[in-house]
Amino acid sequence: MIRKNKTYTRSCCRGCDNRELELFLTLGPTTLANSFLSSEEEIAGEQQFPLDVYFCPECSLVQILQVVDPEILFRDYIYVTGTSDTIISHNKEYAKNVVEIMGLRPGQKVAEIASNNGQLLNCFVGLGMEVLGIEPAANIAKMANEAGIRTVNEFFSLETADLLRSEYGTFRAIVANNVLAHVDDTVGFLEGCEKMIENDGRVIFEVPYLAEFLDRLEYDTVYHEHLCYFSVSALARLCEASGLRIVRLDRRPVHGGSIRVHAEKAEFGETHSADVLESIETEINDGLQ
């Protein structure tokens, strides 16, 4: 990898370290999304970065290689969840669905990574759960804490997971919505999640689905925050590398078409569930590998 400060260009796949990646979409030099500038001087000096999408023929992970320092992208963040009726309804359904599927009881612990202002966690609180948020944006973590949602202002990583586990213990469920695509160390992130769940716990995350991306030509969802674009095939391999197995998949219409993934510790099961293996077979037939 070529590093300059914390913004750099990867030289290999973040899923399997393969160096023979295939370029299939280039959007050229592009400024960062969500940067609302206030003067002509700021506009004139705004940086541009390459925005090229690659496919890994070894593990089928789709990704961009230009990594912008997450301190630039996420420490002072603009997007706040719960500002649209669609997301509010989605979050209420999400919490209810997780509690019912896992049979969670009042007082059991749920943590959310990239918890934003705590709107989803507040839905879990309403169902009797004890919650913890992990949110890197200082301005938004402050909002969550002021609203009564206990939130740690940190980027999540394998190293952070060790610290959080020592202070807060393990959790029945770790939730991570639309954040896995933002992470450069994808395997380390999932390993950290695996460390933080109880033996019978689950890591539950939502990501936009690559099949929808291709079917709908959703090139407008490509920007520097989105480092990866996931198929089930790629997610299965990432989970295997992280000590997890996928036990459930659900399709959701949010964010242009997403999949909700339930994963458990691999040591307590043999392989991915039947619906996961069926989805992988479909992706092979459709050319996603």
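In this chain, numbering begins with 1 at the start of the sequence shown. Every value quoted in this text rests on a predicted model; they were computed, and no experiment measured them.
- The heavy-atom pair separating Gly118 from Ile149 by the smallest distance is O-CG1, 4.0 Å.
- Atoms CD and NE2, from Gln47 and His224 in turn, are 10.5 Å apart once rounded to the nearest 0.5 Å.
- Note that CG of Leu227 is 8.0 Å distant from NE2 of His182, once rounded to the nearest 0.5 Å.
- Using a 4.0 Å cut-off between charged side-chain N and carboxylate O, Glu240 and Arg245 make no salt bridge.
- In this structure, Phe171 and Val110 have side chains that are not in contact, with every pair of non-hydrogen atoms separated by 4.5 Å or more.
- Checking each of Tyr219, Phe213, Tyr223 against Tyr229 for a ring pair (Phe, Tyr, Trp, His ring centres under 6.0 Å) leaves exactly one that passes, namely Phe213.
- Side-chain atoms of Asn145 come within 3.5 Å of backbone N or O of Ala141 as a donor-acceptor pair.
- Between Val232 and Val276 there is a side-chain heavy-atom pair separated by less than 4.5 Å.
- The two residues Val222 and Leu51 come nearest to each other via the heavy atoms O-CD2, 3.6 Å.
- In plain terms, the two heavy atoms of Cys193 and Ile113 that are nearest each other are SG-CD1, 3.5 Å.
- Here Phe55 and Phe24 keep their ring centres 6.0 angstrom or further from each other.
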Test side chain to side chain contact (heavy atoms under 4.5 Å, CB included) applied to Leu120 and Val175, step by step: CA-CA 10 Å; Leu120 173 57; Val175 177; 3.9 Å; yes
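- With 3.5 Å as the limit, one finds a donor-acceptor pair spanning the side chains of Asp52 and Thr26.
- Hydrophobic clustering of Ile, Leu, Val, Met, Phe, Trp and Tyr side chains at less than 4.5 Å, counting indirect connections, keeps Phe49 apart from Leu65.
- Taking the ring axis of Tyr94 as reference, the NZ or CZ atom of Arg260 stays within 45° of it and closer than 6.0 Å to the ring centre.
- Remark: the Arg19 side chain and the Ser11 side chain contain an N/O donor-acceptor pair separated by less than 3.5 Å.
- For the pair Glu42 (side chain) and Ser38 (backbone), a donor-acceptor distance under 3.5 Å is present.
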Would Val67 and Thr7 count as a side chain to side chain contact (heavy atoms under 4.5 Å, CB included) if you check the C-alpha gap in whole Å, the side-chain angles of each, and the deciding distance to 0.1 Å? CA-CA 6 Å; Val67 181; Thr7 298; over 6 Å; no
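- Cluster membership check: Val62 shares its hydrophobic cluster with Leu27, using side-chain heavy-atom separations under 4.5 Å among Ile, Leu, Val, Met, Phe, Trp and Tyr.
- Side-chain atoms of Thr170 never come within 3.5 Å of backbone atoms of Met196 as a donor-acceptor pair (strictly under, hydrogens ignored).
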Any chance you could lay out the side chain to side chain donor-acceptor pair (under 3.5 Å) test for Glu206 and His90, step after step, and finish with the verdict? CA-CA 12 Å; Glu206 277 187 2; His90 175 77; 3.0 Å; yes
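- Side-chain contact check for Thr9 and Gln66: at least one donor-acceptor pair (N or O, by modelled atom type) lies under 3.5 Å.
- With hydrogens and angles disregarded, a donor-acceptor distance shorter than 3.5 Å links the side chain of Glu135 to the backbone of Asn116.
- Counting only distance, with no hydrogens or angles, the side chain of Thr160 and the backbone of Phe155 share a donor-acceptor pair below 3.5 Å.
- With respect to Lys96 and Glu100, a salt bridge is recorded, a charged nitrogen being found less than 4.0 Å from a carboxylate O.
- You'll find the side chain of Arg252 reaches within 4.5 Å of the side chain of Asp250, heavy atoms only.
- Between Ser233 and Glu283, the shortest heavy-atom contact is OG-OE1, 2.5 Å.
- Within 6.0 Å of atom CD in Glu267, more than 12 heavy atoms from other residues, nucleotides or ligands are found, so the atom counts as buried in its surroundings.
- Between the side chain of His262 and the backbone N or O of Val203, no donor-acceptor pair lies under 3.5 Å.
- One finds the CD atom of Glu112 at 7.5 Å from the CG atom of Asn91 (value rounded to the nearest 0.5 Å).
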Step-by-step salt bridge (Lys or Arg N to Asp or Glu O under 4.0 Å) determination, Asp162 to Lys195: CA-CA 8 Å; Asp162 285 327; Lys195 277 192 171 187; 2.8 Å; yes
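- Between Lys265 and Ile197 the shortest side-chain heavy-atom distance falls below 4.5 Å.
- One hydrophobic cluster holds both Leu214 and Ile64 under the rule that ILVMFWY side chains link at heavy-atom gaps under 4.5 Å.
- To the nearest 0.5 Å, the span separating CD on Glu20 from SG on Cys13 amounts to 12.0 Å.
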Check step by step if side chain to side chain contact (heavy atoms under 4.5 Å, CB included) holds for Cys56 and Gln63. CA-CA 8 Å; Cys56 177; Gln63 58 203 290; 4.0 Å; yes
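- Within 6.0 Å of atom CD in Glu93, more than 12 heavy atoms from other residues, nucleotides or ligands are found, so the atom counts as buried in its surroundings.
- Scanning both residues, Pro57 and Leu21, for their nearest heavy atoms gives CD-CA, 4.4 Å.
- A salt bridge does not link Asp185 with Arg14: every distance from a Lys NZ or Arg NE/NH1/NH2 to an Asp or Glu carboxylate oxygen is 4.0 Å or more.
- Looking at Leu37 and Glu46, their side chains come closer than 4.5 Å, going by heavy atoms from C-beta outward.
- A donor-acceptor pair under 3.5 Å is absent between the side-chain atoms of Asn177 and the main chain of Phe205, judged by distance alone.
- Checked by atom type and distance alone, the side chain of Asn117 never pairs as donor or acceptor with a backbone atom of Ala144 at under 3.5 Å.
- The distance from the CD1 atom of Ile134 to the OG1 atom of Thr151 is 8.5 Å, given to the nearest 0.5 Å.
- Residues Arg150 and Glu130 are paired through a salt bridge, judged by an N-O separation under 4.0 Å between the basic side chain and the carboxylate.
- When ring centroids are compared, Phe230 and Tyr209 stay outside the 6.0 Å threshold.
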Given the rule in the salt bridge (Lys or Arg N to Asp or Glu O under 4.0 Å) test, do Glu212 and Arg251 qualify, once you have shown the distances and angles that lead to the verdict? CA-CA 11 Å; Glu212 302 272 12; Arg251 298 284 290 272; 2.9 Å; yes
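- The backbone N or O of Cys12 lies less than 3.5 Å from no partner atom in the side chain of Asn18, so there is not a single donor-acceptor pair.
- In this structure, the side chains of Lys109 and Arg172 stay at 4.5 Å or more apart for every pair of heavy atoms.
- Linking Ile, Leu, Val, Met, Phe, Trp and Tyr whenever their side-chain heavy atoms come within less than 4.5 Å puts Leu238 and Leu249 in one cluster.
- A donor-acceptor pair is defined here as one N or O able to donate and one able to accept, closer than 3.5 Å; no such pair exists between the side chain of Ser166 and the backbone of Leu164.
- Of all non-hydrogen atoms in Ser242 and Leu190, the two that sit nearest each other are OG-CB, 3.3 Å.
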Run the numbers on Ile259 and Val207 for side chain to side chain contact (heavy atoms under 4.5 Å, CB included), then give the verdict. CA-CA 6 Å; Ile259 47 176; Val207 293; 3.8 Å; yes
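- Within the model, atoms CZ of Arg237 and CG of Leu61 stand 10.5 Å from one another, a figure rounded to the nearest 0.5 Å.
- Taking 4.5 Å as the limit, every side-chain heavy atom of Glu154 sits out of range of all side-chain heavy atoms of Pro136.
- The side-chain heavy atoms of Ser60 and Leu288, taken from C-beta on, include no pair separated by under 4.5 Å.
- Met102 and Val125 fall within a single hydrophobic cluster, where Ile, Leu, Val, Met, Phe, Trp and Tyr side chains are chained together by heavy-atom contacts under 4.5 Å.
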